[in-house]
Amino acid sequence: MKKCIKIMTAILIVIFSIVPVMADENVGEVVIKYPLNDVAFKLFYVGEWKNRKIDYQGEFANSHVTDDLTQAAEALAVYANKNQLTPTKVEKTNNGEVMFTNVKKGIYLILADDGMNGKERYHAMPTLLSMPNYVDSTESWFTEINAKYNQDEVPDETELEVIKVWDDNNSKNRPNSIEVELLRNNEVYDTKTLSKSNNWKYKWTNLDGSYEWSVYEKSVFNDYTVAIEQENNQTIITNKSNYKTPNYKSSSSSSSTFRSRTSRIPQTGQLWWPVVALGGFGVLFIVIGIIRGKYSQ
């Protein structure tokens, strides 16, 4: 009987030493193709994918950015830069690519520093990715991305227009005005108020073209989420009401495409260690039964 107890104890030790490893064994790799070398790429963990939307966590938990995976990248980029958030990983490009290893489950934001090639400036567009991702309905822990970027000659002067859009069905809760900040290399340079009186827009002119310029919405409203679209010298900030009822009966091709694409992103918070533990206990009971059968003989 003592021998039986020793065997049971040994099996339990093995099971519970394996469980933590199994719970955290899946990590992935991300390779990003980019034409310039020695450019820093930054990987930010923003949260998990749950119920077909982003569940923001950590430093992004109070970002008030839209949870739509297809619209959040620009707003998250401005939020991360303005608040000087700490990236999860930082790597520099070499031989036309950069690699991130040991990437755990989650939704990640990819940002990069601007790079120069002679008089031309390269600006990589912010990107969101899921780890793991799904390719042809198959789970993949390896992702290769061809980074999208803007390439232009640095001008002496530039301009930037901001436009506020409200997606709230003319809600009575809409504020009468908002404040936006003009950022120069991610630091506040100017602040303006947008309201109905100026048609919810403003344009800055005669800006020094050697700097990076962006717009950040200073005002924060719990009833709204924010999305940002950047097109050339125009920034569109859309505030969408949290109380707007989605039209689930819509059968448009765009909404169908979105559902089809996002439904393949895994629930990143899913745990597999209980399966391992239960399986281990099953093996344990089988061994006990065999030992008891020998003793009964």
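What you see below is based on every heavy atom in this structure, not just the backbone, and it leaves out hydrogens, waters and symmetry mates. Just so we're clear, the structure is a prediction, and the values are computed from it rather than from any experiment.
There is a side-chain donor-acceptor pair under 3.5 Å between Ser210 and Asp208. Between Asp67 and Thr225, the side chains place no donor N or O within less than 3.5 Å of an acceptor N or O (distance only, hydrogens not considered). Side-chain N/O atoms of Glu29 and Thr101 include no donor and acceptor closer than 3.5 Å. Side-chain N/O atoms of Thr70 and Asp68 include a donor and acceptor closer than 3.5 Å.
Taking the ring centre of Phe100 as origin, the terminal cationic atom of Lys89 falls outside the region bounded by 6.0 Å and 45° from the ring axis.
The main-chain N or O of Asn232 is never found under 3.5 Å from a side-chain atom of Asn150 such that the two would form a donor-acceptor pair. Not a single donor-acceptor pair under 3.5 Å links the side chain of Tyr189 to the backbone N or O of Asn185. The main-chain N or O of Asn222 is found under 3.5 Å from a side-chain atom of Asn242 such that the two form a donor-acceptor pair. Of the possible polar contacts, none joining the Asp223 side chain to the Ser241 backbone as a donor-acceptor pair under 3.5 Å is found. A donor-acceptor pair under 3.5 Å links the side-chain atoms of Ser219 to the main chain of Glu179, judged by distance alone. Of the possible donor and acceptor atoms, one in the side chain of Thr88 sits under 3.5 Å from a partner among the backbone N and O of Tyr45.
For Trp166 and Trp200, the ring centers are positioned less than 6.0 Å apart.
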* **Worked verdict on Asn117 versus Leu36 for side-chain contact (heavy atoms from CB on, under 4.5 Å)** => CA-CA 8 Å; Asn117 184 12; Leu36 294 184; 3.9 Å; yes
* Just do the side-chain contact (heavy atoms from CB on, under 4.5 Å) check on Lys82 and Leu183 with the steps written out, would you? => CA-CA 8 Å; Lys82 168 64 169 55; Leu183 306 182; 3.8 Å; yes
* To do: Let me see the working for Lys42 and Asp113 under salt bridge (charged side-chain N to carboxylate O under 4.0 Å, His left out), right down to the final yes or no.
  => CA-CA 8 Å; Lys42 292 164 279 190; Asp113 293 342; 3.0 Å; yes
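Between Phe142 and Val31 the shortest side-chain heavy-atom distance falls below 4.5 Å. Between Pro87 and Leu43 the shortest side-chain heavy-atom distance does not fall below 4.5 Å.
A salt bridge links Glu217 with Lys164: at least one charged nitrogen is closer than 4.0 Å to a carboxylate oxygen.
Summarising the geometry of Thr93 relative to Tyr34, their closest heavy-atom pair is CG2-CB, 4.1 Å, with the distance given to 0.1 Å.
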